[in-house]
2 protein chains.
Amino acid sequence: MQKTTAAPVKFTHVQCGSCPIRHRAVCARCDTDELERLEETKYYRSFEAGQTIVWSGDRMDFVGSVVSGIATLTQTMEDGRRQMVGLLLPSDFVGRPGRETAAYDVVATTDLVMCCFRKKPFETIMLDTPHVGQRLLEMTLDELDAAREWMLLLGRKTAREKIASLIAIIARRDASLKLQSSEGRVVVDLPLTREAMSEYLGLTLETVSRQISALKRDGIIEIEGKRHITIPDFDLLIEEAGDDSDGGFLV
Amino acid sequence: MQKTTAAPVKFTHVQCGSCPIRHRAVCARCDTDELERLEETKYYRSFEAGQTIVWSGDRMDFVGSVVSGIATLTQTMEDGRRQMVGLLLPSDFVGRPGRETAAYDVVATTDLVMCCFRKKPFETIMLDTPHVGQRLLEMTLDELDAAREWMLLLGRKTAREKIASLIAIIARRDASLKLQSSEGRVVVDLPLTREAMSEYLGLTLETVSRQISALKRDGIIEIEGKRHITIPDFDLLIEEAGDDSDGGFLV
DNA sequence: GCATCGGATTGATCTGGGTCAAGGCTTTCA
DNA sequence: TGAAAGCCTTGACCCAGATCAATCCGATGC
């Protein structure tokens, strides 16, 4: 195994997206022994669409990141009102080091594969390997920013603006993942049911449906089937979203 | 300067609350040289009530924590709609290491004293001193939890529930700071105008005023002047807030 | 003592989005 | 091939909270 070409990279590293240990294959600062230890506690789990991964209040003894599929974090009030507080797309991280129990329901909304670590060893390694913690801090700060953008949406935007925002958010994340966008014309497949969208946006599913119809009627979006959306002019959509966010569309 | 009594503790450490370097006086793991370096870049700034500390988009070359007074983080849309996304009480941390410009307006809503560090040296020390970064991660995760609780409030609670929640939140933080609460009967001084409350809650100030009057009429709260509130039965207030949050009132 | 000003309150009215209800379109399964 | 189940759409109506407007109250200044 001489160094003829690039060093062999394990498949798992590619799959893990931006999960904290992806660095292993590429990062010179890594202490190999430490990360090998972490690697040992790593395992994959699959879930079916609709399956609840953890219930709020239950013990949660792992952390991990989404490999493929979509998961959500949702809060529920006693009377059943539900508010989504996290949308986890591939490469997103779940789980809080230092907390025993889950604070939210974690639900797989599509078929889902996660890359998990048992929490205890993960925490140990976080303490021993500073840059894993630093990476996690970065990710947490990004999530906090996203949450605050989301708060503006929930608190002040109209139903129409909320829908336009959600489509834009998903389109952006989609595009930055696939690095695909045939100049101007953007195509998205919504990974959420109308009900899930309503939980994301703080609306009812009827209002979601009506506003999507309205955007379609007004030519802002085109729809094929129920979920496949084409956006003829992305700037127009952004306008509808009332968005002042930095919004660098393609990174 | 023999070690007769406890080591002399600088006043500043006490003042800084849970800011990342408070540990200096108490933490055995600290590398004194590192923290001495940080200490050197530390300075205090005062602001008057109503003063904007940083505008969204402006350069922000410091991080810091609130020593006394209240500051808020607020997002503004082009048409002037405003949503508060952060409420900073004494001991709360502001500023994101690794970001050049502020993402929100930071406003002093009362007279305010902050303990600041220039960002560059702070970042350096964060890299060199892992447990400062760990502390910051902890704090950021707490903020993320708070933001998600806030999202439930914005997305799903009624006006009355929102008001009750806000009063409870402030009472809790107040109490855990002062460790005072004459059995059951809780007293709070709202540090916010009706307008600021409306920006926190995603309501208009008229609705805030009406709902406060309603809670008063129904005996949930008692009011003296405009801001001084007595809560005869805290559990009753929590009920109005529709709150399932863990809610450990006194830590 | 009077005027001014920045909150705060209260009333009257309007409306965006919730609620309730009736279908419609696919997919699945028998 | 038909029935059931999920998901989505659309209509009719209603109400919580927004909007517009008048007033109040306490502090500050002259």
Side-chain angles (χ1 to χ4, degrees), chain A residues 48-51 77 79-83 107 109-111 153-167 189-218 221-229 240 242, chain B residues 48-51 70 77 79-83 109-111 153-167 189-218 221-229 240 242:
Chain A
E48 287 178 16
Q51 206 179 339
M77 296 172 69
D79 62 4
R81 279 176 283 175
R82 289 168 65 80
Q83 174 65 52
V107 182
T109 57
T110 65
D111 288 344
L153 177 149
L154 288 172
R156 294 301 182 191
K157 290 191 177 178
T158 64
R160 172 181 260 247
E161 288 169 336
K162 285 178 176 182
I163 296 286
S165 299
L166 176 56
I167 296 174
D189 275 296
L190 293 180
L192 301 174
T193 63
R194 300 289 185 264
E195 187 179 28
M197 288 189 237
S198 77
E199 286 178 5
Y200 185 109
L201 300 170
L203 297 171
T204 59
L205 71 91
E206 292 95 329
T207 300
V208 169
S209 185
R210 268 187 260 271
Q211 294 298 333
I212 289 181
S213 299
L215 287 178
K216 179 183 172 189
R217 176 168 30 71
D218 299 347
I221 59 176
E222 294 157 17
I223 306 187
E224 217 173 324
K226 310 220 168 268
R227 308 278 192 85
H228 188 79
I229 291 188
E240 291 294 337
Chain B
E48 287 178 18
Q51 205 178 338
I70 313 266
M77 296 172 69
D79 62 4
R81 279 175 283 174
R82 289 167 66 78
Q83 175 64 53
T109 57
T110 65
D111 289 344
L153 177 149
L154 288 172
R156 293 300 181 194
K157 290 192 177 177
T158 65
R160 173 181 259 246
E161 288 169 336
K162 285 179 175 182
I163 296 287
S165 299
L166 176 57
I167 295 173
D189 276 295
L190 293 179
L192 301 174
T193 64
R194 300 289 184 264
E195 186 178 28
M197 288 188 235
S198 76
E199 287 178 3
Y200 185 110
L201 299 171
L203 297 170
T204 58
L205 72 91
E206 291 95 328
T207 300
V208 169
S209 184
R210 267 187 260 271
Q211 295 298 334
I212 289 180
S213 300
L215 287 178
K216 179 184 172 188
R217 176 167 30 73
D218 299 347
I221 59 175
E222 294 156 17
I223 306 187
E224 216 172 324
K226 313 227 166 257
R227 308 278 193 86
H228 188 79
I229 291 188
E240 293 293 338

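Convention: sequence-line order gives letters A, B, ...; per-chain numbering from 1.
End-to-end axis angle of the helix from C:dG1-D:dC30 to C:dA30-D:dT1, from C1' rotation axes over five pairs per end: 30° (rounded to 10 degrees).
Under the side-chain contact (heavy atoms from CB on, under 4.5 Å) criterion, A:E48 pairs with A:Q51, A:D111, not counting sequence neighbours. Legend: residues meeting salt bridge (Lys or Arg N to Asp or Glu O under 4.0 Å) with A:R156, ordered by chain and number and at least two apart, are absent. The side-chain hydrogen bond (donor to acceptor under 3.5 Å, both in side chains) test applied to A:S209 returns no partner, not counting sequence neighbours. Residues that satisfy the side-chain contact (heavy atoms from CB on, under 4.5 Å) test with A:R210, not counting sequence neighbours, are A:E206. Listed by chain and residue number, nothing satisfies the side-chain hydrogen bond (donor to acceptor under 3.5 Å, both in side chains) test with A:T109 (two or more places apart in sequence, or in another chain). Qualifying side-chain hydrogen bond (donor to acceptor under 3.5 Å, both in side chains) partners for B:T110, counting only residues two or more places apart in sequence or in other chains: none.
Among all heavy-atom pairs drawn from B:L154 and B:G202, the shortest one is CD2-N, 3.9 Å. Of all non-hydrogen atoms in A:I229 and A:I223, the two that sit nearest each other are CG1-CG1, 4.3 Å.
Using a 4.5 Å cut-off on side-chain heavy atoms (C-beta onward), B:Q211 and B:L203 make no contact.
Contacts classified as salt bridge (charged side-chain N to carboxylate O under 4.0 Å, His left out) and involving residues 158-167 of chain A (residues at least two apart or in different chains) are given here: A:R160-A:D218, A:R160-A:E240, A:E161-B:R81. Sequence neighbours left out, the pairs with a member in residues 191-203 of chain B that pass side chain to side chain donor-acceptor pair (under 3.5 Å) are B:R82-B:E199.
Straight-line distance from the CZ atom of B:R194 to the C1' atom of C:dG6: 13 Å, rounded to whole Å. In this structure, the CG atom of A:L192 is 14 Å from the C1' atom of D:dC7, given to the nearest Å. In this structure, B:E195 places its CD atom 18 Å from P of C:dC5, rounding to the nearest Å. Taking atom NE2 of residue A:H228 and atom P of nucleotide D:dC8, one finds them 16 Å apart after rounding to whole Å. Taking atom NZ on A:K162 and atom P on C:dG17, their separation rounds to 8 Å, with Å as the unit. The interatomic distance linking A:R81 (CZ) with C:dT19 (C1') rounds to 15 Å, in whole Å. One atom, CG of B:L190, and another, P of C:dG7, lie 15 Å apart when rounded to the nearest Å. Taking atom CE of residue A:M197 and atom C1' of nucleotide C:dG17, one finds them 17 Å apart after rounding to whole Å.
For B:R227 and C:dA8, the shortest distance from a side-chain N or O to OP1 or OP2 is below 4.0 Å.
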For nucleotides 23-27 of chain C, which of its nitrogen or oxygen atoms have a protein nitrogen or oxygen under 3.5 Å away, and what is each distance?
none

Taking only N/O atoms, report every protein-nucleotides 13-15 of chain C pair under 3.5 Å with atom names and distance.
none

Quiz item: For nucleotides 10-22 of chain D, read 5' to 3', which letter fits each nucleotide if B means a protein heavy atom sits under 4.0 Å from the base, S means only the sugar-phosphate is that close, and - means neither?
Solution: BBB----SSBB--
